[in-house]
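Taking it in order: structure first as structure tokens, then the write-up.
Numbers restart at 1 for each chain; the letters A, B, ... are given by sequence-line order, proteins then strands.
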Protein chains: 2
Amino acid sequence: MARKNLLEGLVDLPNDPPTVTNYPMRGAGKSLVRSLDDLAKQADKFLEGEAIVELDPDQVDASFVQDRISEDDAEFDDLKEAIRVRGQDTPILVRPHRSAEGRYQVVFGHRRLRAARELGRKVRAVVKPIDDRTHVIAQGQENSARANLTFIERALFARRLEDLGYDRDVIASALAANAALISKMMSVTERISASTIQQLGSAPGVGRERWLELSLLVGKASNEAKVSDVLRSPGFGELPSDERFSRLYGALNKSARPVRKVEAGAGKATWQPRDKAVQAEIKNTGKAFSMSMKAKNAGRFGEFLSNRLDALYEQFLAEEGNKGD
Amino acid sequence: MARKNLLEGLVDLPNDPPTVTNYPMRGAGKSLVRSLDDLAKQADKFLEGEAIVELDPDQVDASFVQDRISEDDAEFDDLKEAIRVRGQDTPILVRPHRSAEGRYQVVFGHRRLRAARELGRKVRAVVKPIDDRTHVIAQGQENSARANLTFIERALFARRLEDLGYDRDVIASALAANAALISKMMSVTERISASTIQQLGSAPGVGRERWLELSLLVGKASNEAKVSDVLRSPGFGELPSDERFSRLYGALNKSARPVRKVEAGAGKATWQPRDKAVQAEIKNTGKAFSMSMKAKNAGRFGEFLSNRLDALYEQFLAEEGNKGD
DNA sequence: GCGCTGATTTGTCAGCTGACAAAAACGAGG
DNA sequence: CCTCGTTTTTGTCAGCTGACAAATCAGCGC
């Protein structure tokens with residue numbers, strides 16, 4: 001369903017609500033922040049009118065869907081300190097555990113739970129029996145609303161939901177995203193394994209387009225060894241996440257570069273005619289040469305080239321002979 | 001717009017309305033025939049409540065969009081005979097000619113016009129001033145409704161509308177088809193030129209899937225000569241349309257087979273010059289193309305190719321342009 | 001500090017295409 | 001002639017992806 005439908009029936013909000021992300025945002029973020037604020041209010045509906053209880057944190061398990069790559073410790077420490085000083089304002093949402101009597105499972109509020117556990121306090125919670133589908137939608141929308149998950153964290157969440165068998169409509173609802181965006185997320189997480197993404201980190205400064213580009217590079221079998229090398233290189237894990245992304249991206253782009261003596265510019269040599277109906281990537285190591293083309297006329301132009309290789313080779317030999325060596 | 005929207009507000013009809021096609025139909029034709037009958041009624045709305053006049057056929061020009069590949073003479077003779085004996089039941093729809101005073105242009109009813117002309121009689125007509133957009137939608141829907149255009153005739157009609165600059169919504173309306181079907185029609189008529197389709201004929205026994213397959217075969221530059229040979233072979237034009245289609249399809253399918261001897265699976269070909277200083281592997285999926293070369297001269301020949309891509313592409317475009325479409 | 005420009009992110013539209021379902025024609029066998 | 005299986009047509013759904021627009025950040029010049 002379209003996100004606009006999700007927001008149907010909600011009170012109109014004033015323009016310019018406060019930005020709620022903890023990292024710089026670009027793109028059409030204004031409407032994003034606004035609609036995510038709407039989602040937050042919608043998620044809060046789960047809590048409305050429900051009795052709040054205090055639970056022992058040891059009685060509460062995490063959700064069956066992980067939604068975060070790692071904790072931002074500085075931000076978590078701030079949250080913990082605020083709770084220590086002021087107590088816990090907003091309850092978390094939990095549901096009765098499916099199979100463990102007397103235990104609960106977090107729908108949302110994982111960090112507040114962790115903070116309560118570390119502070120040695122009970123956690124204030126609303127207990128609500130909801131099914132798996134409602135659970136993941138609420139969790140996802142709460143996460144989208146609090147708007148501090150990066151593109152790749154959201155993509156991993158989507159991937160986990162698909163691996164758990166949810167259909168695209170549920171996933172789109174859980175992420176407040178349309179089908180096209182979900183599809184792009186699946187492309188990225190199909191080509192880049194979850195473990196590789198984990199090692200790269202949440203990359204707050206990297207958006208969808210660059211993740212898609214990296215996924216095409218990582219997805220090439222010929223780059224597999226290079227990916228492993230970069231991930232295992234000394235000190236890689238200690239770099240900031242964005243820098244790790246850049247290192248890998250640069251390395252894979254660069255692995256075509258020895259060939260790029262002829263051509264300046266980003267990545268392997270490329271070629272494109274004025275009508276842009278062919279996009280070619282060219283690799284030349286001297287001993288081996290490869291060229292791949294895509295876009296509208298790629299197939300027919302390739303066929304055209306294939307049929308003329310004999311003639312072109314004769315011409316090539318003639319020109320080499322004219323160089324007279 | 002979806003066809004269902006088109007039919008909104010119309011009276012529900014009984015099941016099993018009479019089949020109206022003049023050739024055997026397969027597939028989901030029941031709903032097709034029913035909805036086309038609805039379209040016929042809708043098209044008749046253009047005629048409702050309008051004064052019928054008698055026009056000299058020599059005052060009436062054809063539509064600016066051709067909708068038929070050729071006339072089925074037997075069927076036309078039947079129509080003409082019926083008009084001769086009983087007169088003309090249903091008026092045709094014309095609009096005042098845009099630029100020629102005192103002349104008219106047919107929206108629909110071309111065959112009835114022709115019959116009247118050949119019988120030396122006036123033609124009964126409704127004259128209605130409508131714009132180009134309404135004109136093509138009415139014409140298209142009338143044609144769809146009378147349901148005697150084959151897939152490829154409808155596809156050509158769609159192609160003509162696109163070439164005339166109408167957007168996809170208008171085209172979908174004119175053909176009572178959804179966007180996906182229009183897109184497939186565009187693919188076929190993009191790859192197979194109108195003149196080639198004309199020579200193959202309306203092919204009443206051939207559906208979308210086979211036309212799509214043929215279009216992929218015809219779209220291969222390597223098959224270009226073969227297409228010309230088959231179209232020019234003695235007696236080809238005298239064959240029934242379906243047989244002409246089969247002949248061309250068989251010839252192209254057969255001519256592709258020798259190439260794939262080398263490699264099973266997704267069409268991978270090889271190439272090697274006489275001096276064997278280059279070994280090339282070529283893969284072409286129609287949408288993407290890749291070629292890799294190794295051996296002694298691979299790098300230098302590859303560089304030679306890379307430096308000539310612009311010129312080769314111009315040559316490729318020129319040759320495609322010479323096909324005349 | 002401000003304005004401009006380029007780069008990037010995000011949301012979403014539109015087109016392409018594979019695939020599936022329903023219906024019907026055709027051929028073979030009884 | 002009837003039944004059954006196969007093949008084909010037609011309608012349409014769903015997913016993929018290119019591309020565009022809006023918004024914002026960063027860098028640079030004044």
Side-chain angles (χ1 to χ4, degrees), chain A residues 2-4 16 19 21 23-36 144 147 150-152 154-155 162 167-169 171-172 175-188 190-191 203-213 215-216 242 266 276-277 279 294-296, chain B residues 2-4 15-16 19 21 23-36 144 147 149-152 154-155 162 167-169 171-172 175-188 190-191 203-213 215-216 242 245 285-288:
Chain A
R3 187 184 66 234
K4 287 170 182 170
D16 297 322
T19 302
T21 64
Y23 66 91
M25 288 192 66
R26 299 178 179 191
K30 192 177 200 177
S31 60
L32 168 64
V33 169
R34 172 176 166 168
S35 59
L36 291 171
S144 298
T150 64
F151 170 81
I152 200 62
R154 281 157 53 80
E162 177 133 295
D167 66 22
R168 290 295 175 96
D169 287 338
I171 299 171
L175 280 107
N178 77 356
L181 178 53
I182 299 302
S183 198
K184 292 179 196 289
M185 289 177 169
M186 296 307 177
S187 289
V188 170
E190 178 71 29
R191 295 178 189 126
V206 183
R208 182 187 75 220
E209 296 312 308
R210 283 204 280 157
W211 273 108
L212 274 163
E213 284 171 33
S215 79
L216 291 170
D242 284 351
K276 300 192 185 210
Q279 282 176 337
K294 60 178 185 175
K296 192 178 157 192
Chain B
R3 190 183 63 236
K4 288 171 185 171
N15 288 333
D16 298 323
T19 302
T21 64
Y23 66 91
M25 289 191 66
R26 301 180 180 190
K30 191 177 204 178
S31 60
L32 168 64
V33 168
R34 173 176 165 166
S35 61
L36 291 172
S144 297
L149 295 186
T150 64
F151 169 82
I152 199 61
R154 281 155 53 81
E162 176 133 295
D167 66 22
R168 290 294 176 95
D169 287 338
I171 299 172
L175 280 108
N178 77 357
L181 178 54
I182 299 302
S183 198
K184 293 178 195 290
M185 289 176 169
M186 295 307 175
S187 289
V188 172
E190 177 71 27
R191 295 179 191 127
V206 183
R208 182 187 76 219
E209 296 313 308
R210 285 205 281 158
W211 274 108
L212 276 163
E213 285 170 31
S215 78
L216 291 170
D242 284 352
F245 179 95
T285 66
K287 190 167 171 172

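Looking at A:Ile171 and A:Met185, their side chains never come closer than 4.5 Å, going by heavy atoms from C-beta outward. Two residues are said to be in side-chain contact when any heavy atoms from C-beta on lie closer than 4.5 Å; A:Val206 and A:Thr150 fail this criterion.
What separates CE of A:Met185 from C1' of C:dT12 is a distance of 13 Å, to the nearest Å. B:Glu209 places its CD atom 15 Å from the P atom of C:dA21, with the value rounded to the nearest Å. Taking atom CG of B:Leu181 as the reference point, atom P of C:dT17 lies 13 Å away to the nearest angstrom. Spacing between atom CD1 of A:Ile182 and atom C1' of D:dT17 amounts to 15 Å, rounded to whole angstrom units. Taking atom CG of A:Leu212 as the reference point, atom P of C:dT10 lies 11 Å away to the nearest angstrom. When the P atom of D:dC13 is taken as reference, atom CZ of B:Arg208 falls 13 Å away, rounded to whole Å.
Position along DNA chain D of the nearest nucleotide to A:Ala180 versus B:Gly207 favours B:Gly207 as the more 5'-ward residue.
At C:dT17, one or more side-chain N or O atoms of B:Ser187 fall inside 4.0 Å of OP1 or OP2 (strictly under the cut-off). Note on B:Arg168: a side-chain N or O is less than 4.0 Å away from OP1 or OP2 of C:dC16.
Distances from the side chain of B:Lys184 to the nucleotides C:dT8, C:dG18, D:dT10 place C:dG18 closest. The listed nucleotides are D:dG11, C:dG15, D:dT17; the one nearest the side chain of B:Ser183 is C:dG15.
For the pair A:Ser215 (side chain) and A:Leu212 (backbone), a donor-acceptor distance under 3.5 Å is present. For the pair A:Arg208 (side chain) and A:Leu181 (backbone), a donor-acceptor distance under 3.5 Å is absent.
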